Amino acid sequence: MDYEARILTLSDNAVTVQFGETIDPEINLRVQLAYKMINASGIRGIIELVPTYRSLSVYYDPAELSLSALKAEIEPLIKNIKAAADERGELIRIPVAYGGKYGEDLSRVAGLNGLSEQEVISIHTEPEYPIYMLGFLPGFCYLGGMDKRIAAPRLATPRVKIAAGSVGIAGSQTGIYPIDSPGGWQLIGRTPKKLYDPNREKPILLEAGMRIKFYSIDEEEFLRISGLEGGDEP
């Protein structure tokens, strides 16, 4: 499939480089490649780069860099970007305790799809999920690649508080709540890994372009990892 990048004016100090119109793994790979290339270019005046599903926003200082100069700098970088499978991001393994007090909606998700709880776990832990973008909460990942066999609607009434590390399903997406938060996703498990820690040198563990692989653990392992991560026991 042929994708042609377009540079669109976003504001008086930002442009958006758009690589397509749909949520597509190859389009997102191109976004991530553009992010890496522009970030490494050292173009003076660029303030921030924000990758999304299908575009990359580039914020710049107009006092140091004009719009025309910015376009002249980034056009050669994005013109011939080729996405390839071997350019996929780092794979991060995420342990999850499924069901019970860690995932109280697992049985509901299973029932909605005519599956057993173990079948839901097996399906959920099978793919490698690309991280398309971050948003909503610090470190919240928008993931692709969930099997539609375990899709489930959002809760009719959202919960007031969901524990950090909770793994949920909403529609045909899965994700992890990085901090305690209200939310309406169906909770199927919880990870003891800290996705967000303001006291860590790198507060946000995951980045757009990485990939996630979930794997199932028991409560004993959950508590052991929680201790290593400095997390609280449930």
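Predicted model, so just to flag it, every value in this text is computed and none were measured. Just the heavy atoms: all of them, side chains too, but no hydrogens, waters or symmetry mates, feed the values below.
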Could you tell me which non-hydrogen atom of Gly20 sits nearest to which non-hydrogen atom of Ile27, and how far apart they are?
CA-CD1, 3.8 Å
Any heavy-atom pair between the side chains of Phe214 and Ile121 that's under 4.5 Å?
no
Modelled atom types, side-chain donor and acceptor of Tyr102 and Glu219, under 3.5 Å:
yes
Cluster check Ile7, Val31: I/L/V/M/F/W/Y, side chain < 4.5 angstrom:
yes
Any Lys/Arg nitrogen of Arg44 or Glu73 sitting under 4.0 Å from an Asp/Glu carboxylate oxygen of the other?
no
What are the two closest heavy atoms between Tyr132 and Leu143, and how far apart are they?
CD1-C, 4.3 Å
How close do Ser181 and Phe136 get, heavy atom to heavy atom, and via which atoms?
OG-CZ, 4.2 Å
Where Ser11 and Thr9 come nearest, the two heavy atoms and their spacing
O-CG2, 3.5 Å
Min side-chain heavy-atom separation Thr125-Val96 under 4.5 Å:
no
Any chain of hydrophobic side-chain contacts (each under 4.5 Å) joining Ile43 to Val50?
no
Would the number of heavy atoms belonging to other residues, nucleotides or ligands and lying under 6.0 Å from NZ of Lys148 be above 12?
no
Heavy-atom side-chain contact between Leu56 and Met37 under 4.5 Å:
no
Val15 and Leu67: CA distance, side-chain angles, deciding distance, side chain to side chain contact (heavy atoms under 4.5 Å, CB included) verdict:
CA-CA 8 Å; Val15 299; Leu67 175 59; 3.4 Å; yes
Before accepting this row, confirm whether a basic side-chain N of the pair Glu119/Arg149 lies closer than 4.0 Å to the acidic partner's carboxylate O.
no
Would you mind checking if Arg224 and Glu220 are paired as a salt bridge, meaning a charged N to carboxylate O distance below 4.0 Å?
no
Heavy-atom closest pair (Pro153 atom, Leu112 atom, distance to 0.1 Å) is CD-CD1, 3.9 Å
Is the shortest heavy-atom distance from the side chain of Leu134 to the side chain of Cys141 under 4.5 Å?
yes
Where do Thr52 and Tyr142 land on the side chain to side chain contact (heavy atoms under 4.5 Å, CB included) test, with the steps shown first?
CA-CA 9 Å; Thr52 69; Tyr142 288 86; over 6 Å; no
Single-linkage hydrophobic cluster Leu65~Val58, side-chain heavy atoms < 4.5 angstrom:
yes
Please say yes or no: joined through hydrophobic side-chain contacts below 4.5 Å, possibly via intermediate residues, are Leu137 and Ile131 part of one cluster?
yes
Hey, could you give me the CE/CD1 distance between Met146 and Ile169, rounded to the nearest 0.5 Å?
4.5 Å
Of all heavy-atom pairs linking Trp185 and Gln173, the shortest is CZ3-O, 4.0 Å
Joint hydrophobic cluster, Val17 plus Leu49, side-chain heavy atoms closer than 4.5 Å
yes
